[in-house]
Amino acid sequence: MLEHFQTDSLSSCAPLSKDQQYIRSVAHVGFTKALLAQKPIPWTKPMFKLYCYLFIAFLNSCINGYDGSLMGGINAMSTYQKYFHMKTTGSSTGIVFAVYSIGHFMGCFICGPLSDSWGRRWGMFSGALTVIIGTCVQALSRTHAWFMCGRFILGLGASIVTTAAPVYVAEMAHPAWRGTLTGLYNTFYGVGAIAATWTMYHTQNWTSDLSWRLPIWLQAVASGSVLLGCLWCPETPRWLVSNDRNEEAVRVLTIYHGDGDRKSPFVLLSYKEMLEEIVLSGSDKRWWDYSELFNSTDARWRMVCVAGMAFFGQWSGNGAVSHFLPVLLGNVGVRSEATQLLHNAILTAVSFVASISGCLLVDRVGRRTILMIGTGLFVVWWTVITVLSSYYGKESNTNAIGSGATIAFIYLFGVTYSFSYTPLQALYPVECLKYETRAKGMGIFSFYTNIATLFNSYVIAVIVERINWRFFLIYIAWDILELIVIYFFFVETRSRTLEEVNEIFKDPKPRNKSLQKHDILVTQNGILYQGLEGDQQNPEAARPPPEQKP
């Protein structure tokens, strides 16, 4: 099999038409050759089948998004508060939020080995089953301890699905649209959030316990769909190659990346790179060993990007908005429970639209650029929100215009976050990790995310109760720090296959390497390599750079 594929070359593809002759700057020559030689068509029958499989994986993000908005809304319901003798802020409320994160912690070191050993789709299956069990325990609860037990089991299952699913999407997605498709995975967080917020908006007027129990029961819809649907999904080619099932891997690549052509440029390129990385370099079979995530310079640089995305994705200020929006609204004079839940539902829907827009641009604009623009705007929005809250965040406030302005900037923050961070939260860490440690690395990403979420769910509940709007000053300082770290340490991963991203981290200066461009001349006879952008070389004499083996 390996010998057969090595005899083929991307240069043997059909000549390009005259209207394709131009000079352009590209991130990676090999990827661009395949892209120009085989212009992928997104509307073929195999691609629609692939979209259906990816949709099953997207539902795992719905599970997470539904719960992320569920507790924020239930926490504001008087029926829930009376039943468990709770209030909207304080230590006891923080514990209810935090126990979900504790369950996540327990799952972080299970999910990676599970997905590596059994496969990505069976990882989704086991996680969805655990979520269903947690949902049943939580929805049937009669005591506070019983309710928290359900939250713990739910967190455990969510940790497994949110590790296996984004890895599945990134490894199955066509390389030409990996950014958009993997970005869409996390936007389905918004689908779950919309379902939760609008369900609670309609049930909050009910006087029975069903007002908060029904939204909890509906959490089983997405997880049940994953449980059944993932059994029909094909396994990812990379996992198949790592388990010596090469013929199956080629078949999957041929159907979903090559449009039925076994010698398609994308099939040849992807399979060759998978063999070099997974077979020749070896795949990690030691499920207990996490040292490879930290034992080299390139591994540590990867983890800076992974950990940065985990903490920045939770501590930019979104934690306060997602968990405590009713509290923030109450601080500026919006104290009606119905109005608070309506604002929560509207913001969720608007943010979902913004996240879709961000998905469509991640492959065009680039990961670093979108993150820097978004983080810079966070600083501006939180500065304005802090100033407005200092004037209008008082019990005696009756200024409707001031309150409206504060709410508008809270909305602006939510929209900006959804546009810039939501598509990249799952995409970026998956891209930064090599195959051998991808599942374990996503488990560590989940671990870091839950440290950040634990702070959001417990500490913020206590601090907001004590110092109110002054807590926003911390967000301003933190977002400035985020901007600095992203600029100096985050790499650009677009326009490369997952294996080609490895070349970036092998360089002594990964950030600079990722921003490096190659000038190519596209002619009727193929692609002539001109050299690095800015180099003055003779296109006729230039040769492509030697392919680097991982």
Side-chain angles (χ1 to χ4, degrees), residues 49-68 100 103-104 106-136 153-173 178 181-192 195 219-240 242-243 245 248-249 252 256 287 425-427 429-430 433 435 437-447 449-450 498:
K49 288 179 67 177
L50 178 61
Y51 299 150
C52 290
Y53 300 141
L54 296 181
F55 175 76
I56 297 299
F58 292 168
L59 291 177
N60 291 281
S61 188
C62 280
I63 296 171
N64 212 27
Y66 192 96
D67 187 83
Y100 177 85
H104 248 286
M106 299 298 292
C108 289
F109 299 101
I110 300 172
C111 51
L114 185 67
S115 295
D116 280 337
S117 301
W118 291 4
R120 311 324 193 191
R121 63 181 189 141
W122 284 105
M124 292 189 289
F125 179 91
S126 58
L129 180 60
T130 308
V131 168
I132 290 174
I133 294 171
T135 298
C136 294
I153 298 172
L154 202 65
L156 182 65
S159 178
I160 299 172
V161 297
T162 54
T163 295
V167 173
Y168 181 87
V169 174
E171 292 184 354
M172 277 297 296
R178 187 185 69 242
L181 291 173
T182 312
L184 279 172
Y185 164 81
N186 213 47
T187 64
F188 269 68
Y189 184 99
V191 175
Q219 192 162 20
V221 174
S223 50
S225 300
V226 172
L227 192 71
L228 298 176
C230 68
L231 297 177
W232 300 97
C233 297
E235 191 50 82
T236 70
R238 288 169 178 84
W239 187 86
L240 292 170
S242 72
N243 285 271
R245 294 161 62 177
E248 290 180 62
V252 172
Y256 303 111
W287 61 267
Q425 277 185 291
L427 168 64
V430 167
L433 293 162
Y435 175 80
T437 55
R438 185 165 294 137
K440 289 179 182 176
M442 288 304 292
I444 295 298
F445 171 77
S446 183
F447 177 77
T449 299
N450 280 285
L498 289 174

Ser446 side chain to Met442 backbone, donor-acceptor under 3.5 Å: no

Looking at every heavy atom in both [X] and [Y], which two are closest together, and how far apart are they?
| X | Y | result |
| --- | --- | --- |
| Leu114 | Gly123 | CD2-CA, 4.4 Å |
| Ala426 | Val430 | O-CG2, 3.2 Å |
| Thr182 | Pro166 | CG2-O, 4.4 Å |
| Cys108 | Ser159 | N-OG, 3.4 Å |
| Met106 | Leu156 | C-CD1, 3.9 Å |
| Ala57 | Val169 | CB-CG2, 3.5 Å |

Evaluate the ring planes of Phe188 and Phe58, with Trp represented by its six-membered ring, and classify them as parallel (under 30°), tilted (30 to 60°) or perpendicular (over 60°). tilted

Looking at side-chain heavy atoms only, is the closest gap between [X] and [Y] below 4.5 Å?
| X | Y | value |
| --- | --- | --- |
| Pro237 | Met172 | yes |
| Thr135 | Ile132 | no |
| Leu154 | Gln219 | yes |

Sequence-distant partners of [X], ring-ring contact (aromatic ring centres under 6.0 Å, His included), two or more places apart:
| X | result |
| --- | --- |
| Trp122 | Phe125 |
| Tyr185 | none |
| Tyr53 | Tyr256 |

With [X], which residues qualify under side chain to side chain contact (heavy atoms under 4.5 Å, CB included), at least two apart?
| X | result |
| --- | --- |
| Leu228 | none |
| Leu240 | Glu235, Arg245, Glu248, Ala249, Val252 |
| Ser225 | Leu59 |
| Ala195 | Tyr66 |

Atom OH of Tyr51 with >12 non-hydrogen neighbours under 6.0 angstrom: yes

To the nearest 0.5 Å, what is the distance between [atom1] on [X] and [atom2] on [Y]?
| X | Y | atom1 | atom2 | value |
| --- | --- | --- | --- | --- |
| Leu129 | Met124 | CG | CE | 14.0 Å |
| Asn186 | Leu427 | CG | CG | 9.5 Å |
| Ser126 | Leu227 | OG | CG | 9.5 Å |
| Thr449 | Ile444 | OG1 | CD1 | 11.0 Å |

For Arg178, check salt bridge (Lys or Arg N to Asp or Glu O under 4.0 Å) against everything at least two apart and list the hits.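 For Arg178 the salt bridge (Lys or Arg N to Asp or Glu O under 4.0 Å) partners, ignoring immediate neighbours, are Glu431.
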
Pair listing, side chain to side chain donor-acceptor pair (under 3.5 Å) test, anchored in residues 160-173, at least two apart: Arg120-Glu171, Glu171-Thr236, Glu171-Arg438

